[in-house]
Number of protein chains: 2
Amino acid sequence: MTESSSRRRTAAARNPGTAPEPPAVLPGKATINDIARLSGVSKKTVSRVINNSPLVHPETREKVLALMKQYGYTPDPQARGLAFRRSFLIGLIYDNPTAQYIVNMQYGALDALRDSGYELVVHPCDSSREDYIDGVRRFVQQQKLHGVILIPRVSEDEQLATALREIGVRYVRIASVPLDAPASMLVTNDRQAGTEAANYLESLGHRTLGLITGPRRYRSTIERGGGFLDGLGERGIELPADYIFEGGYTFDSGVAGAEYLLAKSPRPTAIFACNDEMAAGVYKAAMRRGLAIPGDLSVVGYDDSPVAAQLWPALTTIHSPTRDIGRQAAQILLADEAAPAPLAPRTVTPQLLVRDSSQRPHP
Amino acid sequence: MTESSSRRRTAAARNPGTAPEPPAVLPGKATINDIARLSGVSKKTVSRVINNSPLVHPETREKVLALMKQYGYTPDPQARGLAFRRSFLIGLIYDNPTAQYIVNMQYGALDALRDSGYELVVHPCDSSREDYIDGVRRFVQQQKLHGVILIPRVSEDEQLATALREIGVRYVRIASVPLDAPASMLVTNDRQAGTEAANYLESLGHRTLGLITGPRRYRSTIERGGGFLDGLGERGIELPADYIFEGGYTFDSGVAGAEYLLAKSPRPTAIFACNDEMAAGVYKAAMRRGLAIPGDLSVVGYDDSPVAAQLWPALTTIHSPTRDIGRQAAQILLADEAAPAPLAPRTVTPQLLVRDSSQRPHP
DNA sequence: CTGAAAGCGCTTACAG
DNA sequence: CTGAAAGCGCTTACAG
C-alpha cells in the first residue's frame with residue numbers, strides 16, 4: 001500500500017477485504033500496481049501475465065487476466081518501452097512512390113498491428129540526398145523503433161540496410177528480388193508478372209509490340225521489363241532493341257515513349273508500360289494521333305493505381321496486392337524472434353487484371 | 001557518480017578534472033545524467049535547458065547546450081513521455097479520403113514536425129461503424145497523444161470532437177466550414193472555390209451548365225456545390241434543379257451523373273463535378289457518346305488529384321494546397337498552449353487550375 | 001538561479 | 001511458480 005498510485009484510489013479499492021470490487025472503472029487509468037493489488041499478487045507477476053510468461057500458475061493468470069479486463073487495463077507503452085529500451089512503434093520508410101501504394105501499404109500494416117499494442121509511424125525521405133540515411137538512423141534510434149518496413153526504392157539501398165543492421169533494428173525489405181536474408185525479405189515477383197503480360201498479349205495475337213520501361217537503376221524496372229521480354233522470347237518473339245523505350249515512371253515519359261514507338265514502322269499493335277502513369281501517357285499520345293484504344297492499339301499498364309480504372313477505356317494492368325503485402329510485412333516484424341528463420345523468402349506474385357484497353361490486333 | 005549509467009562510461013568521462021573531454025561519442029547513447037555530470041550541474045538543470053526554462057543562467061545554459069551538441073544528446077522521448085504523462089506523437093485520423101490527399105497531408109504534417117522531436121502516427125478508421133469513436137479514444141489514450149489532426153470526413157463528426165474534448169487531447173479539425181473554436185479549426189474555403197469555378201465557366205460564355213455534387217451528408221458537398229450555384233446566381237444564371245445530380249464522389253457516380261445530364265435538352269455545354277473522380281467519369285460518358293472535350297463539353301473537377309493531369313485532355317480543376325494545410329495543422333498542435341487564441345479560424349482558399357478540358361462553348 | 005528526493009509505469013536481475 | 005529491490009531516463013513538487 002505504499003505505492004504512490006494507491007493514493008488516487010477509492011477506499012473500496014484500498015481495502016480489498018471489505019467488499020467485492022465494483023466493476024466501475026478506477027479514477028484515472030489503472031496501472032500495473034492496481035491490478036497487482038486487486039488480484040493479490042506482486043506486480044512482477046502481473047508483468048509476467050502481460051508478457052505471456054509460462055512461469056505463472058494458470059489460476060493466477062486467469063485471475064489477473066480477469067481483473068485486467070474488468071478494469072480495462074492496458075499496459076502503458078511508454079513505461080514498457082522505457083524498461084524494455086525499445087518502443088512499440090513500427091516505422092514505414094519510403095521515398096515517394098505512388099500515393100495509392102503508400103496508403104495501401106499503411107492499411108495493410110495497420111491490419112496486422114490492430115490490437116497488438118503497436119502503432120505505425122511514417123517516415124518519408126528523399127533517398128537522392130546524401131544524408132538521408134542519417135535521417136533514418138536518427139529516426140530509428142531516437143524512437144527506438146521495434147522494426148521498420150522498407151518499400152521500393154529505399155528497400156533496394158544496400159547502404160541503408162547495412163546502417164539498419166548496425167543499429168540492430170529489425171527490418172523487412174519489400175523488393176522484386178531477394179536482396180537480403182529470407183527472414184527480412186518480402187519479394188514481389190515482378191518478373192513473373194511481366195511475363196504474364198507478355199503471354200497475354202501474345203495469346204491475343206500481337207506480334208509487333210513496344211515496351212516502355214522505368215529507369216534502369218530500379219530493380220523493379222529490370223524485373224518487369226525483363227520478365228516481359230522473357231515471356232515474348234519463350235513464345236518466339238524477339239523484341240528489337242529500338243522497340244524498347246526507357247521511361248522515368250512518369251506520365252510525361254509515357255507520352256514521350258509512346259510518341260517514339262508509335263512513329264515506328266511497323267507500328268506496334270500493343271504497348272506494355274511498366275507503370276500505370278506511363279500507360280496514361282500512352283493514352284494521351286495515341287488519342288492525339290487519332291488511334292483508338294484498343295482498336296488500333298492495345299495498352300497494358302502495371303500497378304492498378306486509381307487512374308487505371310478511371311481512364312477510358314479502363315486500363316488492363318497488373319494488380320499487386322499491396323495491402324496484403326503490407327500486412328505480411330508487419331506480421332514478419334511482430335513475429336517471435338525465436339521462431340526459426342524461413343529458408344526461402346516469402347513471395348507474392350502480382351496478377352494480370354484484364355479490362356478494356358486490350359484486344360486482338362486488326363487482322 | 002552513483003548514477004547507474006556512469007558505470008558504463010569511460011574513465012575520461014568519469015574524471016572530468018583530469019583531461020579535456022574527448023569529442024568521441026560515449027559508448028551507448030548519452031543520457032541526461034551524462035550531460036549533467038560532464039557539465040557539472042544537476043540533471044534538473046539539464047532538464048531545464050531541455051525544456052527551455054528561463055530559470056537557467058545563460059552561461060550554464062550555453063555550457064550544457066554545448067555538451068549536448070558535442071555528445072549528440074537528444075532526450076529520450078519515452079522517458080520524457082512517462083514523466084510528462086503524454087507522448088511526443090501526433091495522430092492523423094481519417095476515414096478513407098483520396099490516397100493523394102492523405103499522403104500530401106502526411107508530408108505537410110511531417111514538414112512541420114521535422115526536428116521537433118515529434119513523430120506522426122497514422123490512424124485510418126471507418127466512421128460508418130458504430131464503435132469507431134471508441135477505437136479512436138483507445139488509440140489516443142493508450143498512446144497519450146500530444147494532439148490529433150482530423151481530416152474530412154471524420155473532422156465533421158461532432159461526436160468525435162466531443163469525445164476528444166472529454167479526453168482532453170488537443171485537436172485540429174480541417175473542414176470547409178468553421179465547426180469549432182477558431183483555435184482548433186483549419187478552414188478550406190470550398191465555397192469560394194466553387195464560386196470561382198462558376199465565374200470561370202460563365203466568363204467563357206457557358207449558359208447551360210450541369211452540376212454533379214457529392215453526397216448531401218458531407219459539408220464539402222454543400223460548400224462546393226453551393227458556392228458554384230452562388231457564383232452562377234450572382235451572374236444571373238439560374239441552374240434548374242434538374243441540372244443538378246447528386247453523386248457519391250465515385251467514378252461510377254460521375255458516369256451516371258454525366259449520362260443523366262448529357263441526355264437533357266438543352267444539353268449542358270459545361271459540367272462541374274465536385275471531385276476529380278467524378279470528372280473522370282464525365283469523360284467516360286462523354287467519350288462514349290462521341291462528345292469531344294472540350295469542343296462539345298467543358299469539364300471542371302475538384303481536388304487536383306493525380307488523375308486530373310493524367311486524363312486526356314488534362315482536367316481543369318480546383319487545386320487545394322493540401323500539403324500546406326497539413327503543415328499548418330501540425331504547427332497549430334505544436335504551438336505554445338499559452339499563446340492567445342486566434343479570433344478567427346485560419347482559412348485557406350483552393351485555387352482554380354485551368355488546363356485543357358475547358359473552353360468557350362460552340363457559338 | 002539551482003538541486004536532492006520522489007515518482008511516472010513498467011521490466012531486469014536476483015533470490016527463493 | 002512468485003516477489004522485493006533496483007533501474008530505465010526523464011520531470012514534478014518542494015526547498016533553498
Side-chain angles (χ1 to χ4, degrees), chain A residues 1-9 26 28-37 39-64 68 71 73-88 117 141-144 146, chain B residues 1-9 26 28-37 39-64 68 71 73-88 117 141-144 146:
Chain A
M1 295 312 282
T2 56
E3 299 283 355
S4 76
S5 63
S6 65
R7 293 192 210 132
R8 307 200 314 263
R9 303 302 158 219
L26 267 31
K29 207 170 168 291
T31 72
I32 196 174
N33 289 312
D34 300 315
I35 302 299
R37 192 163 19 77
S39 38
V41 300
S42 75
K43 65 189 193 183
K44 176 60 211 171
T45 295
V46 178
S47 172
R48 288 198 177 88
V49 173
I50 293 170
N51 292 291
N52 289 315
S53 162
L55 303 175
V56 182
H57 192 88
E59 272 180 37
T60 311
R61 180 188 307 280
E62 288 315 314
K63 187 169 51 178
V64 171
M68 296 198 318
Y71 286 87
Y73 169 76
T74 48
D76 181 328
Q78 312 223 50
R80 291 187 85 193
L82 185 58
F84 267 139
R85 288 161 194 76
R86 68 170 185 78
S87 71
F88 290 83
Q141 298 203 113
Q142 164 99 6
Q143 299 298 325
K144 303 214 261 345
H146 173 256
Chain B
M1 296 312 281
T2 55
E3 300 283 356
S4 77
S5 62
S6 66
R7 294 192 211 129
R8 308 201 313 262
R9 303 303 159 218
L26 267 32
K29 206 170 168 293
T31 72
I32 197 173
N33 290 313
D34 300 315
I35 302 299
R37 193 163 21 73
S39 37
V41 300
S42 74
K43 65 189 193 184
K44 177 57 211 173
T45 296
V46 178
S47 172
R48 288 198 179 90
V49 173
I50 293 170
N51 292 292
N52 289 315
S53 162
L55 303 175
V56 182
H57 192 87
E59 272 180 38
T60 311
R61 179 187 308 281
E62 287 316 312
K63 187 168 54 179
V64 171
M68 297 199 319
Y71 286 88
Y73 168 76
T74 48
D76 181 329
Q78 312 222 51
R80 291 186 85 195
L82 185 57
F84 267 138
R85 288 161 193 78
R86 68 170 185 78
S87 71
F88 291 83
Q141 298 202 113
Q142 163 99 5
Q143 299 297 326
K144 303 214 259 353
H146 173 257

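Owing to the predicted nature of the structure, the values given are computational and were not obtained by experimental measurement. Below, chains carry the letters A, B, ... as their sequence lines are ordered, and counting in each starts from 1.
- Residue T45(B) places no side-chain N or O under 4.0 Å from the OP1 or OP2 atom of dT2(C).
- Across all non-hydrogen atoms, the minimal contact from Q78(B) to P77(A) is OE1-O, 3.9 Å.
- Between V41(B) and K144(B), it is V41(B) whose nearest contact on DNA chain C lies nearer the 5' terminus.
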Going through the distances and angles, do D76(B) and K144(A) end up as a side chain to side chain contact (heavy atoms under 4.5 Å, CB included)? CA-CA 9 Å; D76(B) 181 329; K144(A) 303 214 261 345; 2.6 Å; yes
Under the criterion side chain to side chain contact (heavy atoms under 4.5 Å, CB included), I'd like the reasoning laid out for N51(B) against F84(B): C-alpha separation, chi angles, the key distance, then a yes or no. CA-CA 12 Å; N51(B) 292 292; F84(B) 267 138; 3.6 Å; yes
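- Here F88(B) pairs with Y118(B) under the ring-ring contact (aromatic ring centres under 6.0 Å, His included) rule; sequence neighbours left out.
- One side chain, Q142(B) or T74(A), offers a donor N or O that lies under 3.5 Å from an acceptor on the other.
- The side chain of T60(B) contributes no N or O atom lying less than 4.0 Å from OP1 or OP2 of dC1(C).
- When all heavy atoms are compared, the tightest approach of D34(A) to T31(A) is OD2-N, 2.7 Å.
- Here dC1(C) presents its C1' atom at 13 Å from CD of E59(B), a figure rounded to the nearest Å.
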Test side chain to side chain contact (heavy atoms under 4.5 Å, CB included) applied to T60(A) and R48(A), step by step: CA-CA 11 Å; T60(A) 311; R48(A) 288 198 177 88; over 6 Å; no
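- Summarising the geometry, the separation between CD on Q78(A) and P on dG9(C) is reported as 11 Å, rounded to the nearest angstrom.
- For the strand DNA chain C, secondary-structure stems (runs of at least three Watson-Crick or G-U pairs, all distances below 3.5 Å) span C:1-3 with D:14-16, C:5-12 with D:5-12, C:14-16 with D:1-3.
- Nearest-nucleotide assignment on DNA chain C puts the 5′-proximal partner with V56(B), out of V56(B) and L82(B).
- Using a 4.0 Å heavy-atom criterion, one finds that P77(B) contacts no nucleic acid atom at all.
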Determine, step by step, whether I50(A) and R80(A) satisfy the side chain to side chain contact (heavy atoms under 4.5 Å, CB included) criterion, reporting the C-alpha distance in whole Å, the side-chain angles of both residues, the deciding distance to 0.1 Å, and the verdict. CA-CA 10 Å; I50(A) 293 170; R80(A) 291 187 85 193; 3.8 Å; yes
I need a per-nucleotide contact map over nucleotides 10-16 of chain C, read 5' to 3'. Cutoff is protein heavy atoms under 4.0 Å; write B for the base, S for backbone only, - otherwise. BBB----
